[in-house]
Amino acid sequence: QVQLVESGGGLVQAGGSLRLSCAASGRTFSINYMGWFRQAPGKERDFVASITWSNGRTYYANSLKGRFTISRDNANSAVYLQMNSLTPEDTAVYYCAATTIGSRITETVGYHNWGQGTQVTVSS
């Protein structure tokens, strides 16, 4: 099992930036992909970005390319999400996820380890 703990959420004004962190522990050697998803009130959990643990290849939701950047630190078993030019529409709970497999990595069903989530609120 892999345990995930997110941090870095908070309240930010529109146009601002935040950097989310996700610390992984447990069987981290088995991780194949890690990803970020977000869920706004009353909406489904949506894909944000993912990264291949071995070579750092990244994948993004089309609507977020250019504003969000995912990165990893293998030595510290951590993944990050840099979010820039935030708008109120980015307000959501952001979840870190990990998988040891590697199919359907832009979908929630592709991941079997999840963090508790961190709230991001963007004020107008």
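The distance from the CD atom of Gln119 to the CG atom of Leu11 is 9.5 Å, given to the nearest 0.5 Å. Taking OG1 of Thr69 as the reference point, atom CG of Asn84 lies at 6.5 Å (rounded to 0.5 Å). Here the straight-line distance linking atom CG of Leu81 with atom CE of Met34 works out to 11.5 Å at 0.5 Å rounding. A distance of 8.5 Å separates CZ in Phe68 from CG in Leu20, rounded to the nearest 0.5 Å. Expressed to the nearest 0.5 Å, how far CD1 of Ile31 lies from CD1 of Ile101 amounts to 13.0 Å. Distance check, rounded to the nearest 0.5 Å: OG of Ser85 to CG of Leu64 gives 12.0 Å.
Between the Thr118 side chain and the Tyr94 main chain, no donor and acceptor come within less than 3.5 Å of each other. The main-chain N or O of Ser54 is found under 3.5 Å from a side-chain atom of Arg72 such that the two form a donor-acceptor pair. Within the 3.5 Å criterion, the main-chain N or O of Gln1 finds no donor-acceptor partner in the side chain of Asn113. Between the side chain of Glu6 and the main chain of Gln116, a donor-acceptor pair closer than 3.5 Å is present. At least one donor-acceptor pair closer than 3.5 Å links the side chain of Tyr60 to the backbone N or O of Ile70. The backbone N or O of Gly8 lies less than 3.5 Å from no partner atom in the side chain of Ser21, so there is not a single donor-acceptor pair.
Put simply, Tyr80 and Met83 are part of two different groups of oily side chains (I, L, V, M, F, W, Y) that touch within less than 4.5 Å, one to the next. Side-chain heavy atoms closer than 4.5 Å link hydrophobic residues (I, L, V, M, F, W, Y) into clusters, and following such links, even through other members, never connects Val93 to Leu4.
Considering every non-hydrogen atom in both Val79 and Trp53, the closest pair reads CB-CZ3, 4.5 Å. Annotation for Val120 and Leu18: closest pair CG1-CD1, 3.8 Å, computed over non-hydrogen atoms. The two atoms that bring Ser123 and Pro88 nearest to each other are C-CG, 4.4 Å, heavy atoms only. The minimum heavy-atom distance between Ser77 and Thr28, with the atom names listed, is OG-OG1, 3.6 Å. A pairwise comparison of heavy atoms in Glu107 and Arg104 identifies OE1-NH2, 2.9 Å as the closest pair.
The shortest distance between side-chain heavy atoms of Arg67 and Asp90 falls below 4.5 Å. Looking at heavy atoms from C-beta onward, Glu89 lies out of side-chain contact with Val122 at the 4.5 angstrom threshold. Looking at Arg38 and Trp36, their side chains never come closer than 4.5 Å, going by heavy atoms from C-beta outward.
Between Tyr111 and the options Phe47, Tyr95, Phe37, a ring pair (Phe, Tyr, Trp, His ring centres under 6.0 Å) holds for only Phe37. Among the candidates Ile51, Thr52, Thr106, the single residue satisfying the side chain to side chain contact (heavy atoms under 4.5 Å, CB included) test with Tyr33 is Thr52.
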